[in-house]
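Down below is the structure, laid out as structure tokens.
Each residue takes its place number in the sequence, starting with 1. Nothing here was measured: the structure is a model prediction, and the numbers come from that model.
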Amino acid sequence: MENFITLTIDGVKVEVPAGTTVLEAAKKAGINIPTLCYLKDVNAIGACRMCVVNAGGRGLQAACVLPATDGMNVKTNTPEIRAYRKTLLELVLSNHDKKCLTCPRSTNCELQQLCRDLGVENGDAFAGTQNQYEIDDASPSIVRDNNKCILCRRCVATCDKVQNVGVIGAVNRGFVTSIESPWNLKLNDMACINCGQCITACPVGALYEKDSTKKVWDLINDETKHVVVQPAPAVRAALGEEFGYPMGTSVTGKMVAALRRMGFDKVFDTDFAADLTIMEEGTELVKRVTEGGVLPMITSCSPGWIKFCETYYPEFIPNLSSCKSPHEMLGAVTKSYYAEKAGIDPKDIKVVSVMPCTAKKFEAGREELAANGYPDVDEVITTRELAHMIKEAGIDFNMLPDEDFDDLLGESTGAGVIFGATGGVMEAALRTAYNLITGDELDNVDFEAVRGTEGIKEATVKVGDLDVSVAVAHGTGNASKLLDMIKAGEKNYTFIEVMGCPGGCVTGGGQPIVSAQTKLTCDPKVERAKALYGEDAGKAKRKSHENEQVKKLYADYLGAPNSHKAHELLHTHYIKREKYSK
């Protein structure tokens, strides 16, 4: 039985489980204690001191690491504490680039918000020498600007503890402390997997995605180009947050309408390609099982995970599915099948992907992803970049009607939609693999065992006479644990889904950024996934092999899943990568 304690915070009595911190207890009591370095379940180090409280007896203490005790009397809002926090903010600003108007995090910056809340107007109280840093923009995905860094170490903890990559850390001491990569190398010269989780962890503008919006506007405005856009499943589950919708609101129809008004020639759906991926991947899995291929087979739709595998676990490269990720498949099909149907020269077609993922920017530049002699995908923008472009275009998103995707490559089933949530690819694959193996249809397509936010999920699924052992991992830190268990002979599976980001694509590095304070009471992984599962449940067709446009693609062009032509267009290979630039 759980042991509860009672404490008083600013005169409010609150009962919490033993082991709760004062910060968490205050939140339950409806009291917000400001934080900067704290990130729930990731970084609780009491470094920034913004969360100090008076708990009696020992002066001011950091609430994020202070255990609540029975009978404790806590004060969070005394004149002394307010003055202390204000002084801390002034000190942070004394070595901070305060060019807020040009900062990508302006109006969504935790430091900026605290300054507003506590009445810090200009940050000149401790004006003096400031450190100057060169901006690291060599990566195709991530820009690092240490002039904005406040040394909270949230990015460091996320990269190390969550993703098990650890390519950034604090160097030097005192005033010259900075967050760097080993040997002061650029991120692009390190074993960075481009996942962008450091961006979503950062409370300020020290880390942000490489901006591709100008290139996309240039494509749209080039009358010699036929520009096709495709949004990923997870984008529709989060884009609305940038326009005031509650977290977990699906805005698919308005998103399509906005893309059309921005000037794209065709609006296709990456969900279509998710269904296509399942046809290819499911067939590949069945062949490996029945013909003695390399097992376990591991999904390949997450480019952050793929780069992680290529760099840290190259011995598992043969286990990876050879399928391209869905948006790369759709790019290849657009520049071949669609080009032929529409009578357009493939060189005049440009494909723009809207992704929840910064690693897709890296992926689009891989030389092997050019099935037709041109890049399958020409430009990638994140959900945040799309929101910026919609606002820049003066489109009133909230007033838009719901519109449908364009035909030929726009139909999707519920299976394609749930690709954006951890466990979704596995569930979609099982729905179709059952049909491929048995020839029958599932009555209940909801595989609850692979849903949820547990770091590693396992299940044994009965498919005809076969017992299929499956596992799902999200976040490369959890992937490491799973692969290490397989290497040690502790686990044995048939099929594994890995997503590079915690929670899957719904919390990818390119999704709307959620503050640390909001994450105390709301889990974006859960709320955004609800939007996708809601769309899935509302679809008339929920299995990838029921997609009529996918059927037509095979009948008219590809022949069959895993055919020679399908392999040429829809499959790829992987390479072992070095951890450091030589």
Would you name the heavy atoms of [X] and [Y] that are closest together and state the gap between them?
| X | Y | result |
| --- | --- | --- |
| Thr177 | Asn172 | OG1-O, 3.5 Å |
| Cys109 | Val204 | SG-CG1, 3.8 Å |
| Leu520 | Lys40 | O-NZ, 3.6 Å |

Practice task
Look at the rings of Phe308 and Tyr313 and say which category their plane angle falls in: under 30° parallel, 30 to 60° tilted, over 60° perpendicular.
Solution key: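 Tilted, since the angle between the ring planes falls between 30° and 60°.
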Practice task
Please say which of Arg384, Lys254, Lys391 ends up in a salt bridge (charged side-chain N to carboxylate O under 4.0 Å, His left out) with Glu242.
Solution key: Lys391
Practice task
State whether a side-chain donor-acceptor pair under 3.5 Å links Ser212 with Lys361.
Solution key: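 There is such a pair (donor and acceptor under 3.5 Å, judged by atom type) between the side chains of Ser212 and Lys361.
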Problem - Distance-only polar pair, side chains of Glu535 and Thr252, donor-acceptor under 3.5 Å - result: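 Indeed, the side chains of Glu535 and Thr252 share at least one donor-acceptor pair under 3.5 Å.
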Checking [X] side chain against [Y] main chain: does a donor-acceptor pair fall under 3.5 Å?
| X | Y | result |
| --- | --- | --- |
| Thr8 | Asn73 | no |
| Thr35 | Cys51 | no |
| Thr249 | Pro246 | yes |
| Glu497 | Val425 | yes |
| Lys75 | Ala55 | no |
| Thr20 | Pro17 | yes |
| His96 | Lys148 | yes |
| Glu24 | Thr21 | yes |
| Ser515 | Thr518 | yes |
| Thr270 | Pro231 | yes |

Practice task
Dump the intermediate steps for salt bridge (charged side-chain N to carboxylate O under 4.0 Å, His left out) on Lys360 and Glu209, then the final yes or no.
Solution key: CA-CA 11 Å; Lys360 296 289 186 185; Glu209 70 267 49; over 6 Å; no
Salt-bridge contact [X]-[Y] (side-chain N to carboxylate O under 4.0 Å):
| X | Y | result |
| --- | --- | --- |
| Arg236 | Asp271 | yes |
| Arg542 | Asp446 | yes |
| Lys457 | Glu454 | no |
| Glu180 | Lys186 | no |

Practice task
State whether Phe362 and Lys307 meet the cation-pi test: NZ (Lys) or CZ (Arg) under 6.0 Å from the six-membered ring centroid, and within 45° of the perpendicular axis.
Solution key: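 That pair qualifies as a cation-pi contact.
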Exercise for the section: Measure the shortest side-chain to side-chain distance between Asn32 and Lys27 over non-hydrogen atoms and say whether it is less than 4.5 angstrom. Expected result: yes
Fill in the blank from the handout: From the list Thr383, Val251, Val506, side-chain contact (heavy atoms from CB on, under 4.5 Å) with Val235 holds only for Thr383
Problem - Residue of the set Cys48, Cys202, Pro203 for which side-chain contact (heavy atoms from CB on, under 4.5 Å) holds with Cys152 - result: Pro203
